[in-house]
Amino acid sequence: MVVGGGSSRPSATLPRQPQVGLCGQEAVAFALMADNTVDGGSDVRFDVAIVGAGVAGLVAALDLLDLEPALRIAVIDKGEMGSSGSTPLAQGGMAAAVGPDDSPEMHAEDTIRAGDGLCDERAVAVMAVEGPARVDDLIRRGARFDRTADGSLALAREGGQRVARNVRTADASGAEIFRALRVAASGRVTRLQGIACAIATAATGRERGVVAGVWVVLDAVDGSPLGPAQTPGLALVRADAVLLATGGCGGLFAATTNRDGATADGIGLAAGIGAALVDLEFIQFHPTGLKVSEPGSFWRLLLTEALRGAGATLVDATGRRFMPERHPDGELAPRHIVTKGILDQDGGVWLDATALPKATLEQDFPTVAAGVRRHGFDLATEPVPVEPAQHYMIGGVATDLWARTSVPGMYAAGEVAATGVHGANRMAGNSLLQSCVFGHRAASAIRAQLRERAGAAREVGDAPLLDGNHPADGLLRRASLRVAMSAGAGPIRTAAGLLETDRVLDETAAAIGKNPAPTRDSIELHHMVAAGRLFVRSAQLREESRGVHWRGDFPHHDPRWSGVRLRVQGPRTA
Ligand SMILES: Cc1cc2nc3c(=O)[nH]c(=O)nc-3n(C[C@H](O)[C@H](O)[C@H](O)COP(=O)(O)OP(=O)(O)OC[C@H]3O[C@@H](n4cnc5c(N)ncnc54)[C@H](O)[C@@H]3O)c2cc1C
């Protein structure tokens with residue numbers, strides 16, 4: 001088999017003995033088994049390939065190793081460790097019913113209330129009931145959460161929660177969880193740095209269409225775990241099971257709390273093999289991104305909802321609070337309601353945290369306070385300007401309660417997965433939680449699959465064609481697409497706006513051509529266009545407003561859409 005459409009690079013034979021190498025910033029131990037020798041690329045075999053090294057991917061990897069310590073697991077990750085995903089950025093904490101005045105039933109009720117009639121109640125029950133055990137897992141793995149004077153977990157309250165429910169580490173909860181999981185995974189999984197560009201499936205026999213691995217364009221990195229024989233470029237990572245844990249889609253929007261690398265790759269990968277996707281019209285915009293950024297940057301500093309939970313208010317240009325008249329929970333109303341409230345104010349909106357004790361700001365919100373200071377503001381002494389920013393992808397790859405997708409052998413967990421727990425609106429803290437709960441469940445399901453049919457020899461179909469040309473103005477096109485997505489498929493959509501965004505998507509698609517070039521920029525832009533089209537199509541179809549999907553031209557619930565979840569399937573290209 002020729003990898004990469006007949007590249008002229010020399011053949012690569014991979015080492016058969018376990019070795020230790022440096023990968024990214026950490027030493028990793030790895031055991032590789034060469035499958036065969038290929039022209040112009042690497043062909044390596046693992047038991048499981050996990051695409052994504054955020055909370056979902058790492059929890060699944062560690063839980064799999066708890067179940068089967070000898071498993072060979074590859075974790076594929078875009079760019080330097082921690083540079084692409086949202087996990088290290090999470091602020092307010094992880095929701096779980098661990099407080100004395102809380103219960104899984106209350107947690108489930110709050111989640112369903114926020115979900116605006118579209119939650120899958122079985123999935124919500126699983127998440128709420130299993131949440132406390134997943135908090136214990138994180139603590140067992142070394143995560144240090146804030147404690148009260150008596151040693152119990154110090155909990156924060158965020159929007160939609162009737163009681164304080166988030167375990168947290170000040171306002172850097174994600175960074176602490178990420179640190180603990182990284183340390184726990186170090187030396188136990190193989191991190192491959194590169195971008196997954198297609199899912200590999202079996203081409204022949206009874207298992208035709210079953211997942212057989214993932215195609216990855218590997219970066220050139222010093223000390224790759226693939227050893228000196230690795231050539232950067234297209235590689236086939238064979239595996240009996242592939243878990244998508246690729247995070248969200250903020251990189252498609254012009255103002256976002258996500259990193260640029262959040263380009264909805266998981267949607268592109270899943271659509272490429274015809275997997276079912278669901279709820280794609282539901283994209284959450286966080287009401288309070290700081291309304292300033294570095295020049296040329298689309299990233300917005302998130303001002304966590306926990307600030308409002310601690311007493312900060314939202315005021316208009318005259319200093320008047322406007323949320324209490326809009327919702328009984330005032331500033332802690334569900335996020336889409338606060339977002340709409342902010343967008344309805346003509347003269348801008350400010351977050352006023354000046355009434356909070358200075359000690360609270362310093363102790364509980366050091367990351368946010370320092371970030372705001374870098375932009376020349378002081379939370380303690382002045383209201384700061386805010387605007388809604390894309391924050392979370394609610395829809396994604398359709399999964400069952402065990403993270404199984406519609407494609408045999410492919411699983412999804414974390415932000416890329418649509419389990420149905422969020423309904424039409426995600427409640428604060430539930431994202432880290434659902435990543436842990438369904439990452440854990442993915443591990444159980446993958447283990448069960450491996451026990452049933454591990455190591456099946458599968459003839460893999462042709463390598464993806466990476467012979468396209470990335471246009472010289474690719475960066476500009478990417479930026480224009482982001483602006484168009486925010487304008488037409490942002491917090492408020494209309495038929496005309498969506499049509500215009502669709503036009504820009506078509507224009508971008510025509511400019512980039514059918515096949516990507518073998519570079520990260522090019523592959524990302526292809527994924528962005530594929531995902532953007534599905535987001536827009538879903539938003540066009542749902543002619544009503546529900547949860548975070550706000551149609552300016554259909555501003556009310558339509559009972560005909562009650563309980564209806566839109567399921568789309570990408571055209572199979574692999
Ligand atoms: C600023 C901010 C604050 C937040 N605060 C909270 C909070 O307080 N509580 C809460 O519950 N949630 C919060 N969230 C949401 C939550 O952090 C994320 O939903 C969650 O961390 C997602 O985890 P994940 O493992 O699914 O993906 P991520 O952590 O986003 O990781 C995705 C991984 O996939 C990799 N990847 C993607 N595409 C490819 C590809 N093609 N090839 C190879 N690798 C790929 C990336 O490199 C990365 O490693 C916040 C989000 C943001 C942005």
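Residue numbers run from 1 in the order of the sequence given. Counting starts at 1 for both ligands and their atoms, following the listed order.
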Just jot down the ligand 1 atoms closer than 4.0 angstrom to any heavy atom of [X], in number order.
{"X": "Tyr392", "result": "19 (O)"}
{"X": "Leu302", "result": "1 (C), 2 (C), 3 (C)"}
{"X": "Ala53", "result": "33 (C), 48 (C), 49 (O)"}
{"X": "Gly92", "result": "7 (C), 8 (O)"}
{"X": "Gly414", "result": "26 (O)"}
{"X": "Gly54", "result": "25 (O), 29 (O), 31 (O), 49 (O)"}
{"X": "Ala56", "result": "25 (O)"}
{"X": "Asn258", "result": "53 (C)"}

Less than 4.5 Å apart, side chain to side chain, heavy atoms only: is that true for Trp215 and Leu466?
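No, their side chains stay 4.5 Å or more apart.
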
In the structure I gave you, are the side-chain heavy atoms of Met106 and Arg165 within less than 4.5 Å of one another anywhere?
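Yes, close enough: below the 4.5 Å cut-off.
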
Contact between ligand 1 and [X] is defined here as a heavy atom of the residue under 4.0 Å from a ligand atom; is it met?
{"X": "Met94", "answer": "no"}
{"X": "Val416", "answer": "no"}
{"X": "Gly194", "answer": "yes"}
{"X": "His391", "answer": "yes"}
{"X": "Ser173", "answer": "no"}
{"X": "Arg426", "answer": "yes"}
{"X": "Gly174", "answer": "no"}

Taking the minimum heavy-atom distance to [atom], which of [options] ranks first?
{"atom": "atom 5 (N) of ligand 1", "options": "Gln390, Met427, Gln193, Gln91", "answer": "Gln91"}
{"atom": "atom 47 (O) of ligand 1", "options": "Leu181, Leu58, Asp77", "answer": "Asp77"}
{"atom": "atom 42 (N) of ligand 1", "options": "Ala428, Ala172, Gly439, Ala196", "answer": "Ala196"}

Considering heavy atoms of the protein only, find what lies nearest to [atom] and give residue, atom and distance to 0.1 Å.
{"atom": "atom 37 (C) of ligand 1", "result": "Thr246 O, 3.3 Å"}
{"atom": "atom 15 (C) of ligand 1", "result": "Ser431 OG, 3.6 Å"}
{"atom": "atom 29 (O) of ligand 1", "result": "Thr87 OG1, 2.5 Å"}
{"atom": "atom 35 (C) of ligand 1", "result": "Gly52 CA, 3.6 Å"}
{"atom": "atom 7 (C) of ligand 1", "result": "Gly93 O, 3.6 Å"}
{"atom": "atom 30 (O) of ligand 1", "result": "Ser86 N, 2.8 Å"}
{"atom": "atom 26 (O) of ligand 1", "result": "Glu415 N, 2.8 Å"}
{"atom": "atom 6 (C) of ligand 1", "result": "Ala90 CB, 3.5 Å"}

Would you check, one step at a time, whether the test side-chain contact (heavy atoms from CB on, under 4.5 Å) holds for Phe365 with Thr360?
CA-CA 7 Å; Phe365 304 103; Thr360 304; 4.3 Å; yes

Under 4.0 Å from ligand 1, counting heavy atoms only, is it the side chain of [X], its backbone, both or neither?
{"X": "Ala245", "value": "backbone"}
{"X": "Leu432", "value": "both"}
{"X": "Asp265", "value": "side chain"}

Is any NZ, NE, NH1 or NH2 atom of the basic residue among [X] and [Y] found under 4.0 Å from an Asp or Glu carboxylate oxygen of the other?
{"X": "Asp364", "Y": "Arg168", "value": "yes"}
{"X": "Arg140", "Y": "Asp66", "value": "yes"}
{"X": "Asp102", "Y": "Arg162", "value": "no"}
{"X": "Asp63", "Y": "Arg441", "value": "no"}
{"X": "Arg478", "Y": "Glu524", "value": "yes"}
{"X": "Asp260", "Y": "Arg482", "value": "yes"}
{"X": "Asp240", "Y": "Arg72", "value": "no"}

Counting N and O atoms only, with roles assigned by atom type, does the side chain of Asp146 sit under 3.5 Å from a partner on the main chain of Ala170, one being a donor and the other an acceptor?
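A pair under 3.5 Å: yes.
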
Examine the side chains of [X] and [Y] and answer whether a donor and an acceptor come within less than 3.5 Å of each other.
{"X": "Thr111", "Y": "Asn430", "answer": "yes"}
{"X": "Thr169", "Y": "Glu176", "answer": "no"}
{"X": "Asn515", "Y": "Asp467", "answer": "yes"}

Out of the candidates Gln284, His549, Arg335, only one should pair with Asn425 under the side chain to side chain donor-acceptor pair (under 3.5 Å) rule; please name it.
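The side chain to side chain donor-acceptor pair (under 3.5 Å) with Asn425 is passed solely by Gln284 among Gln284, His549, Arg335.
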
Between Val55 and ligand 1, does any nitrogen or oxygen pair lie at a separation below 3.5 Å?
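By distance alone, the answer is yes.
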
CD1 of Ile139: more than 12 outside heavy atoms within 6.0 angstrom?
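Atom CD1 in Ile139 is crowded, with more than 12 foreign heavy atoms closer than 6.0 Å.
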
Run the ring-centre check on Tyr392 versus His286 and record whether the distance is less than 6.0 Å.
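No.
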
